[in-house]
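Here the structure is laid out as structure tokens; the discussion comes afterwards.
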Amino acid sequence: MTEKQNLLGLDLDALTAELQAAGHKPFRAKQLLRWVHQRGEADFACMSDLAKDFRAELQNRYTVATLTPIVDKISSDGTRKWLFDVGDNNAIESVFIPEDDRGTLCISSQAGCTVACPFCSTGYQGFNRNLTTAEIIAQLWYARAELLKNQSAARTDGQLPVEPLRVISNVVMMGMGEPLLNYRELLPALKLMVEDNAYGLSRRRVTVSTSGVVPMMDRLAEDCPVALAVSLHAPNDDLRDRLVPLNKKYPLRELLAACNRYLAHAPRDFITFEYIMLDGVNDSDQHADELIAIAKEVRCKLNLIPFNPFPQSGLKRSSNNRVRAFAERLQAAGVITTTRKTRGDDIDAACGQLAGDVKDRSRITQKRRGDEVIPVADGVIPIYEVQK
């Protein structure tokens with residue numbers, strides 16, 4: 001028996017082509033997308049404005065297969081984290097961050113990560129595989145359905161106004177993995193996010209975070225330009241080679257040039273540079289001055305991120321006073337600077353903590369040279385293992 005195709009993995013162009021090949025009109029694809037993504041319907045029999053014979057055909061050829069959560073945690077600040085089983089002892093995490101004016105869903109693109117930044121606990125998991133488009137979108141599909149269910153219950157209890165609320169207004173590809181190293185599966189997912197017949201998100205409200213995969217940044221600018229965040233974390237090549245190993249392949253000069261090329265297509269007029277604050281590593285006044293020089297080359301916003309410590313890293317968070325002084329130095333030079341509020345750290349859902357409560361199978365060791373922490377990997381690709 002032929003395995004059914006998961007509709008969550010097909011964007012409008014792909015679905016239209018499939019249905020046309022089967023003799024159906026192009027508008028059927030838009031109808032189907034609205035049922036699956038806007039109404040969250042997984043049962044073809046319930047898609048009432050589709051002809052019965054068409055529904056039967058869909059039932060034979062397709063499925064709407066979401067993910068199965070094995071952990072669902074809610075933080076004291078309202079942040080919610082799901083750990084999803086993606087088979088073969090692999091799991092991924094998604095995080096929803098509610099705020100007064102928006103709801104942001106952080107989505108994973110890989111099971112693990114190949115970049116192995118020493119300040120990110122996902123890197124200690126190692127890399128198992130890329131997620132499919134269906135698995136990327138399934139995180140959004142499932143989270144939206146769960147949040148709408150909770151919202152409906154709250155409205156029934158009189159806790160919310162009658163007007164419908166958009167539970168997920170922003171999506172950030174900042175979960176586990178490097179999105180641009182899974183470009184083939186990422187692109188259709190992004191197209192579904194911004195498609196009017198699917199999730200209809202503004203391109204300004206969909207953000208891809210990259211550690212600096214320069215060729216794919218250029219492709220994204222042409223194929224589906226959305227907001228871009230670059231994991232900078234160091235203002236010079238020597239330090240960034242250690243903190244973001246991908247820098248050895250695409251050094252800062254190439255990365256900054258790619259950022260400027262991207263700006264010609266981007267829905268926002270700036271690039272967000274993410275900068276994790278590590279005590280005694282990248283938080284000196286000299287580092288701030290080097291960042292100021294970078295800001296003169298690229299229209300940008302600096303987002304300072306307090307480090308969320310975990311045992312394997314050997315790194316420490318910069319003090320609040322140091323973060324404040326660092327930010328003030330940047331702002332005094334005219335650089336737009338924000339400091340990210342730590343959310344969900346009590347459920348390991350904060351930035352850099354997404355690893356699914358994994359055992360360290362990466363065999364990454366730490367060596368110290370002065371005050372610097374140098375990651376050394378032995379080249380073994382680890383196996384993801386969820387602690388029972």
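Not measured: the values here are computed from a predicted model. Residue numbers start at 1 and run along the sequence shown.
Side-chain polar atoms of Asn303 and Thr338 form a donor-acceptor pair below 3.5 angstrom. Asp77 and Ser75 are linked by a side-chain donor-acceptor pair at a separation below 3.5 angstrom, with hydrogens and angles left out of the test. There is a side-chain donor-acceptor pair under 3.5 Å between His24 and Glu57. For the residue pair Tyr183 and Asp223, a side-chain donor N or O sits within less than 3.5 Å of a side-chain acceptor on the partner. Side-chain polar atoms of Ser231 and Glu274 form no donor-acceptor pair below 3.5 angstrom. Residues Arg28 and Gln31 bring a donor and an acceptor atom of their side chains to less than 3.5 Å of each other.
Electrostatic pairing of Arg329 and Asp289 counts as a salt bridge here, judged by a charged N lying under 4.0 Å from a carboxylate O. The residues Arg204 and Asp269 are annotated as not salt-bridged, no charged nitrogen and carboxylate oxygen being separated by less than 4.0 angstrom.
Heavy-atom neighbours of Asp101 CG from other residues, nucleotides or ligands within 6.0 Å: above the threshold of 12.
Aromatic pair Tyr62/Phe44: centroids not less than 6.0 angstrom apart.
A side-chain hydrogen bond (donor to acceptor under 3.5 Å, both in side chains) with Glu178 is found for one member of Thr114, Asn130, Thr210 and no other, namely Thr210.
Aromatic ring pairs are classed by plane angle as parallel below 30°, tilted from 30° to 60° and perpendicular above 60°; the pair His233 and Tyr275 is tilted.
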